[in-house]
Amino acid sequence: MEAMEGRMDGQVHTMENKQELEQIEIELLLSGVHRLYGYDFRNYAMPSLKRRIWHHVHSENVPNISALQEKVLHDRACFERFVYSLSIPVTEMFRDPSLFLTFRQKVVPLLRTYPYIRIWHAGCSTGEEVYSMAILLHEEGLYDKARIYATDMNERSLQQAKEGLYDIGKMKQYTKNYMAAGGTRAFSEYYTAKYNSVMLQPFLRKNIIFAEHNLATDTSFNEFNVIFCRNVMIYFNDELRDHVHGLFHESLSRFGVLVLGAKESIHFTRYSDSYEPLDRIEKIYRKNK
Ligand SMILES: C[S@@+](CC[C@H](N)C(=O)[O-])C[C@H]1O[C@@H](n2cnc3c(N)ncnc32)[C@H](O)[C@@H]1O
């Protein structure tokens with residue numbers, strides 16, 4: 001009877017043990033990555049992190065997370081692929097066009113009153129969001145007095161952002177987005193086509209500063225009138241999200257504007273009382289204290 005209980009117990013625990021083992025392996029992997037390379041993924045939201053890690057286990061052709069850990073720690077190129085796969089660089093120009101339209105209507109009038117404008121795009125990925133802002137400011141006659149800081153933890157994405165070179169196949173969707181975002185010209189004015197790519201007009205890059213910056217580990221580096229951080233914090237747990245909101249709060253000037261992604265919100269963060277909505281639906285907030 002005892003043995004049977006033991007066996008039954010054993011069976012029940014097998015599943016739990018598996019989950020515990022997975023948890024231990026993930027913690028060891030992330031701790032190793034943090035200690036060796038300085039990248040801190042320990043406070044990313046677990047469900048999507050787990051999915052990405054397993055996806056990477058399969059794409060590196062290794063049997064389990066411990067084997068991935070070994071490869072990531074011993075092979076820098078594997079680590080770089082790992083960062084790229086955790087970074088989820090999905091983006092597009094004028095993504096969520098209604099946000100850009102609302103920004104034109106509600107934030108641009110505020111920006112007109114400033115002698116100069118500093119904007120930070122945190123988690124800018126391959127740059128599409130940043131160039132969308134450059135186009136918008138150009139059309140509103142504000143680009144010359146603006147400095148746009150575009151940062152990401154992912155070096156590979158930043159490199160592409162700096163080049164401003166995109167797949168020609170995406171232009172149809174981007175043109176549609178641009179029009180829906182209140183664009184006032186022909187979108188094709190902003191690029192030249194070359195084979196299967198388009199090169200954005202170099203003047204759009206003139207006032208953009210691209211730099212590596214990790215929201216989990218780096219500090220504030222300037223004061224901004226506007227901060228965009230869209231579709232980045234959805235991958236963080238509550239602790240890291242609060243930490244990053246602290247960083248933004250500290251980096252925004254008085255009455256500065258914070259723009260979040262469609263599925264994000266300032267509510268349920270430690271800073272919810274420090275902002276009032278300029279547009280609740282589009283997730284545009286204004287710092288009030
Ligand atoms: C889904 S993209 C969002 C791009 C753009 N903001 C948009 O909404 O279209 C998320 C970006 O956040 C970046 N990211 C993730 N964790 C980060 C961190 N700790 N610090 C800086 N950037 C981070 C990723 O590298 C990726 O480029």
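Throughout, residue positions are numbered sequentially from 1 according to the sequence presented. Atoms within each ligand, like the ligands themselves, are counted from 1 in listed order.
For atom 12 (O) of ligand 1, the choice among Val90, Val232, Asp96 with the nearest heavy atom turns out to be Val232.
In this structure, Phe41 falls outside the shell of residues with a heavy atom less than 4.0 angstrom from ligand 1. Ligand 1 lies nowhere less than 4.0 angstrom from a heavy atom belonging to His121. Residue contacts with ligand 1 do not include Gly261, since none of its heavy atoms lies under 4.0 Å from the ligand.
The ring of Phe100 has its center closer than 6.0 angstrom to the ring center of Phe94. A ring-centre distance under 6.0 Å is found for Phe228 and Phe103. Aromatic rings from Phe41 and Tyr44 are positioned such that their centres are separated by under 6.0 Å.
Using the six-membered ring where Trp is involved, Tyr149 and Phe224 have ring planes that are perpendicular, over 60° apart on the 30 and 60° scheme.
A donor-acceptor pair under 3.5 Å links the side-chain atoms of Asn225 to the main chain of Arg118, judged by distance alone.
Distance check, rounded to the nearest 0.5 Å: CD1 of Ile119 to CG of Leu111 gives 6.0 Å.
In this structure, the protein non-hydrogen atom closest to atom 26 (C) of ligand 1 is Ser87 O, 3.1 Å. In this structure, the protein non-hydrogen atom closest to atom 7 (C) of ligand 1 is Arg95 NH1, 3.2 Å. From the protein, the heavy atom lying nearest to atom 23 (C) of ligand 1 is Met153 CG, 3.6 Å. Here the protein heavy atom with the shortest distance to atom 1 (C) of ligand 1 is Ile88 O, 3.0 Å. Ranking protein heavy atoms by distance to atom 3 (C) of ligand 1, first place goes to Arg230 O, 3.5 Å. The nearest heavy-atom contact from the protein to atom 27 (O) of ligand 1 is Asp152 OD2, 2.7 Å. Regarding atom 9 (O) of ligand 1, its nearest protein heavy-atom neighbour is Thr91 OG1, 2.5 Å. With respect to atom 10 (C) of ligand 1, the closest heavy atom belonging to the protein is Asn231 O, 3.5 Å.
Ligand 1 has a nitrogen or oxygen under 3.5 angstrom from a nitrogen or oxygen of Gly123. Remark: ligand 1 and Leu215 share an N or O pair separated by less than 3.5 Å (distance only, no angle test).
By the 4.5 Å heavy-atom criterion applied to side chains, Glu155 and Glu212 are counted as neighbours. Contact annotation: the side chain of Val259 approaches that of Leu99 to within less than 4.5 Å [non-hydrogen atoms, C-beta and beyond]. Counting only heavy atoms from C-beta outward, the side chains of Ile148 and Leu137 approach each other to under 4.5 Å.
Here Glu129 has side-chain heavy atoms under 4.0 Å from ligand 1, and that is the only part of it that gets that close. Of all the heavy atoms of Tyr44, the ones lying under 4.0 Å from any atom of ligand 1 belong exclusively to the side chain.
Which parts of ligand 1 touch Ser125 is read off a 4.0 Å heavy-atom cut-off, strictly below it: atoms 4 (C), 27 (O). The ligand atoms of ligand 1 that sit less than 4.0 angstrom from a heavy atom of Ala216 are 19 (N). Atoms of ligand 1 lying under 4.0 Å from at least one heavy atom of Asn154, given by number and element, are 25 (O). Atom numbering of ligand 1 starts at 1 in the shown order; those under 4.0 Å from a heavy atom of His213 are 20 (N), 21 (C).
A cation-pi arrangement is found for Arg156 relative to Tyr84, the charged atom lying closer than 6.0 Å to the ring centre and inside a 45° cone about the ring normal.
Ion pair Glu129/Arg230 flagged as a salt bridge, since at least one NZ, NE, NH1 or NH2 atom sits closer than 4.0 Å to an Asp/Glu carboxylate oxygen. The existence of a salt bridge linking Glu22 and Lys50 is confirmed by a sub-4.0 Å separation between a basic side-chain nitrogen and an acidic carboxylate oxygen.
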